[in-house]
Protein chains: 2
Amino acid sequence: MTIKDVCEKFGITADTLRYYEKVGAIPKVGRSQGGIREYDDEALSWVRNAVCLRKAGVSVEAIAEYVRLFNMGDETIEARLELLSNERESLGKQLEELTNAVELLDYKISRYREAVETGVLTWDRDPLGN
Amino acid sequence: MTIKDVCEKFGITADTLRYYEKVGAIPKVGRSQGGIREYDDEALSWVRNAVCLRKAGVSVEAIAEYVRLFNMGDETIEARLELLSNERESLGKQLEELTNAVELLDYKISRYREAVETGVLTWDRDPLGN
DNA sequence: TCTTGACTTGGAGCTAACTCCATATAGTAC
DNA sequence: GTACTATATGGAGTTAGCTCCAAGTCAAGA
């Protein structure tokens with residue numbers, strides 16, 4: 001698979017993919033004779049991993065650290081478990097923040113929908129709505 | 001309430017709070033004789049709004065746009081509803097990405113926990129685990 | 001073979017959201 | 001009033017994560 005195919009598959013740019021490789025968020029990708037990247041199933045699996053975690057806000061640095069540990073072999077299994085656990089924990093917190101904000105927006109939206117109908121914007125929770 | 005109190009209350013720095021005011025993510029805060037910020041309940045409510053949305057990843061620009069519309073009065077109610085709905089939608093997508101990543105991490109973590117016990121790292125879903 | 005378009009690299013440039021700094025003024029305890 | 005700490009302002013600096021660019025190489029079709 002060429003870099004273009006991979007980009008389309010995951011909805012990211014070639015620059016981003018090369019950047020991920022450069023900083024180690026995915027392992028070095030194999031090349032053709034002429035030096036052109038050729039993505040096999042394993043490479044794709046790493047791309048999927050990086051893209052999924054990035055979309056959730058995991059730092060490129062953390063992803064790269066995981067790849068680095070992975071390439072060091074079995075002695076780093078515990079270190080990888082700890083890294084993953086830490087990231088999992090911070091995503092859990094992020095999930096909470098996100099849920100709070102969704103709740104806030106849903107509340108405001110309900111008030112605004114009413115306001116559009118009745119012409120009056122009111123806040124029943126907090127008298128200081130905004 | 002002084003800027004320091006507000007910072008402590010919300011766990012952000014005074015610089016951030018002044019920055020939010022400068023770019024309009026919160027309305028202008030009232031000042032004392034000498035020009036020092038004095039946060040009343042309404043100001044606090046705006047700060048709460050900004051902090052909550054920022055923690056979920058809503059851009060400062062979008063928050064500022066909401067404040068701007070709010071200050072323009074009742075003619076902007078529909079515009080505000082649309083803005084809030086758009087932001088709500090993108091948080092919904094973000095929630096999904098986050099959930100996917102949490103699921104991925106939980107799966108990996110379960111594999112790693114097993115590996116720490118058994119000494120063997122295996123992937124039952126995808127034979128190309130990483 | 002020639003042309004055209006995709007791909008390569010190293011490195012510079014960009015944006016959002018802070019974060020820090022210098023200088024000056026305000027408030028507070030004594 | 002003096003000393004000391006907090007706050008104000010404008011503007012420069014920082015960081016992450018891309019994004020773009022130039023100059024050159026590679027590959028597929030006419």
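Note that the structure is a prediction, hence the values are computed from the model and not measured. Quick note on labels: first sequence line is chain A, next is B, and so on, each numbered from 1.
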### Query
Can you check whether Tyr19(A) has a side-chain N or O nearer than 4.0 Å to OP1 or OP2 of dC20(D)?
no
### Task
Select one nucleotide: of dG17(D), dT8(C), dT9(D), the one nearest the side-chain heavy atoms of Val60(A).
dG17(D)
### Message
So for atom CD, which belongs to Glu42(A), do other residues, nucleotides or ligands contribute more than 12 heavy atoms lying within a distance under 6.0 Å?
### Response
no
### Query
Rounded to whole angstroms, how far apart are CD on Glu21(B) and C1' on dA8(D)?
11 Å
### Query
Any chance CZ of Arg113(A) has more than 12 other-residue heavy atoms, nucleotides or ligands included, within less than 6.0 Å?
no
### Cation-pi geometry met for Arg80(B) and Tyr112(A) (6.0 Å, 45°)
no
### Query
Of all of residues 29-59 of chain A, which get a heavy atom below 4.0 angstrom from DNA chain C, listed by number?
Arg31(A), Gly35(A), Ile36(A), Arg37(A)
### Task
Using whole Å, report how far CG of Asp5(B) lies from C1' of dA6(D).
11 Å
#### Entry: Rounded distance [0.5 Å steps], CG in Asn130(A) versus OG in Ser45(B)
4.0 Å
Which protein N or O atoms sit under 3.5 Å from an N or O of nucleotides 13-15 of chain D?
none

### Task
Mind calculating the distance between CD (Glu61(A)) and C1' (dC18(D)) to the nearest angstrom?
16 Å
### Message
Could you measure the distance from the CG atom of Asn71(B) to the NZ atom of Lys28(B)? Nearest 0.5 Å is fine.
### Response
11.0 Å
### Query
Hey, does the side chain of Asp5(B) reach the backbone of Thr2(B) with a donor-acceptor pair shorter than 3.5 angstrom?
yes
### Task
State which of dA6(C), dT19(C), dT19(D) makes the closest approach to the side chain of Thr16(A).
dT19(D)
#### Entry: Nearest-neighbour nucleotide for the Arg18(A) side chain, dT8(C), dC18(D), dA8(D) considered
dT8(C)
### Message
Within the 3.5 Å criterion, strictly below it, is a donor on Lys55(A) or Asn100(B) matched to an acceptor on the partner's side chain?
### Response
no
### Task
Name the closest nucleotide to the Asp15(A) side chain, picking from dC21(D), dG11(D), dC20(C).
dC21(D)
### Task
Starting from P on dC20(C), measure out to CG on Leu17(B) and report it in whole angstrom.
15 Å
### Query
Taking all atoms of both residues into account, what is the closest heavy-atom pair of Cys7(A) and Ala14(A), and its distance?
SG-N, 3.2 Å
### Task
Please state how far atom NZ in Lys22(B) lies from atom C1' in dC18(C), giving the value in whole angstrom units.
11 Å
### Message
From the set dC18(C), dT7(D), dG11(C), return the single nucleotide nearest to any side-chain atom of Thr2(B).
### Response
dT7(D)
### Query
What's the closest nucleotide to the Lys4(B) side chain, out of dC18(C), dA6(D), dA6(C)?
dA6(D)
### Query
Is a donor on one side and an acceptor on the other found under 3.5 Å between the side chain of Glu21(B) and the backbone of Val29(B)?
yes
